[in-house]
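A short write-up of the structure that comes next.
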Amino acid sequence: MAFLVALESMTPAQRVALIPHDVFPYSFTEIAEITGRTPLACRQLASSARRRIRALRPLEVPAAQQADLVKNFRRAWEAQDIGTLIGLLDPDATFTADGGGLAKAALHPVEGGVRIAHCLAALAGRTPADLVILERTVNGRPGLMARWEGATVAVYAFDVVDDRSKSIWAVRNPEKPRPWTGGGGEGTGPADAASSPVRPGG
């Protein structure tokens, strides 16, 4: 999830310069040959990408406040209440899904609270009736986990700003939600026991 957030914070050019160098053993000279840029330009792109990652704003909303928003979000999703979903989303919100090529997910981020609300309501009408959404701790903050037939099929993390969700990240790649495989999630407490037979997907 953290890697997905970091990637989304960079421009495509920054990703092409940073990832091969910092994640894979490519020199800036080799990256320059691949991209058609100069080694200096690739180095500068990688530096600007690192600055973007370091500048990512930490979550400042109290956990209890975020938990309330996530709970209301889950209920509105269950009811396919588009109006309430729009009210819980920032007008410029972004929904990003990661299927890893192994699960169905939107290929590009969905932009805008209204579009996200309509997409989520549509998904809720197409998913299995026995899919269950649980309120769980995700990346140390209140989030959601989807379970179906005993397996964790999606995990949702939220970035909340001023009582609205600014970003939602959905991980649907079946190889990634392993910490939640047993259904216990990361955290403990009342929020972790909350569940409802809702039908959203991701």
Trace of the side chain to side chain contact (heavy atoms under 4.5 Å, CB included) decision for E78 with I133: CA-CA 9 Å; E78 172 185 19; I133 297 294; over 6 Å; no
Before you tell me yes or no, could you show the steps for R141 and V160 under side chain to side chain contact (heavy atoms under 4.5 Å, CB included), namely the whole-Å CA-CA distance, both residues' side-chain angles and the distance that decides it to 0.1 Å? CA-CA 10 Å; R141 304 287 296 185; V160 178; over 6 Å; no
Output the distance between atom [atom1] ([X]) and atom [atom2] ([Y]), rounded to the nearest 0.5 Å.
{"X": "D92", "Y": "I116", "atom1": "CG", "atom2": "CD1", "value": "9.5 Å"}
{"X": "C42", "Y": "E30", "atom1": "SG", "atom2": "CD", "value": "11.0 Å"}
{"X": "L18", "Y": "I31", "atom1": "CG", "atom2": "CD1", "value": "8.5 Å"}
{"X": "L88", "Y": "W77", "atom1": "CG", "atom2": "CH2", "value": "12.5 Å"}
{"X": "R50", "Y": "M10", "atom1": "CZ", "atom2": "CE", "value": "10.0 Å"}

If every non-hydrogen atom of [X] is compared with every non-hydrogen atom of [Y], which pair is closest and at what distance?
{"X": "H21", "Y": "Y26", "answer": "CD2-O, 3.3 Å"}
{"X": "I168", "Y": "S165", "answer": "CG1-OG, 3.4 Å"}
{"X": "A63", "Y": "P142", "answer": "O-CG, 3.4 Å"}
{"X": "Q80", "Y": "A124", "answer": "CG-CB, 3.6 Å"}
{"X": "P20", "Y": "R15", "answer": "CD-O, 3.5 Å"}

Answer with yes or no whether the hydrophobic clustering places V132 together with M145; edges join I, L, V, M, F, W, Y residues whose side-chain heavy atoms lie under 4.5 Å apart.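 Yes, because V132 and M145 connect within a single hydrophobic cluster, where side-chain heavy atoms sit under 4.5 Å apart.
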Applying a strict under-4.5 Å side-chain criterion to I, L, V, M, F, W and Y, I'd like to know whether I34 and F28 cluster together.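 Yes; tracing contacts between hydrophobic side chains, which count when under 4.5 Å, links both residues.
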Is there a side-chain contact between [X] and [Y], using heavy atoms and a 4.5 Å cut-off?
{"X": "N139", "Y": "W169", "answer": "no"}
{"X": "S167", "Y": "T96", "answer": "no"}
{"X": "L144", "Y": "V70", "answer": "yes"}
{"X": "Q65", "Y": "D163", "answer": "yes"}

For [Y], is there any backbone N or O sitting under 3.5 Å from a side-chain donor or acceptor partner on [X]?
{"X": "R164", "Y": "G87", "answer": "yes"}
{"X": "E135", "Y": "K71", "answer": "no"}
{"X": "R115", "Y": "V110", "answer": "no"}
{"X": "Q14", "Y": "T11", "answer": "yes"}

Under the side-chain contact (heavy atoms from CB on, under 4.5 Å) test, which residues partner A117, sequence neighbours left out?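 Checked A117 against side-chain contact (heavy atoms from CB on, under 4.5 Å); matches are I82, L85, I86, L89.
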Step-by-step side chain to side chain contact (heavy atoms under 4.5 Å, CB included) determination, S48 to Q44: CA-CA 6 Å; S48 63; Q44 290 174 337; over 6 Å; no
If you count the non-hydrogen atoms of other residues, nucleotides and ligands that lie under 6.0 Å from CZ in R43, is the total more than 12?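 Open.
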Would you mind listing the cluster partners of L40? Hydrophobic ones only (ILVMFWY), side-chain contacts under 4.5 Å, chaining allowed.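 L40 clusters with nothing; isolated.
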Charged N to carboxylate O under 4.0 angstrom, K166 versus D90?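 Yes, this pair counts.
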F73 vs F158 aromatic rings, parallel, tilted or perpendicular, using cut-offs 30° and 60°?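 Rings of F73 and F158: perpendicular, as their planes differ by over 60°.
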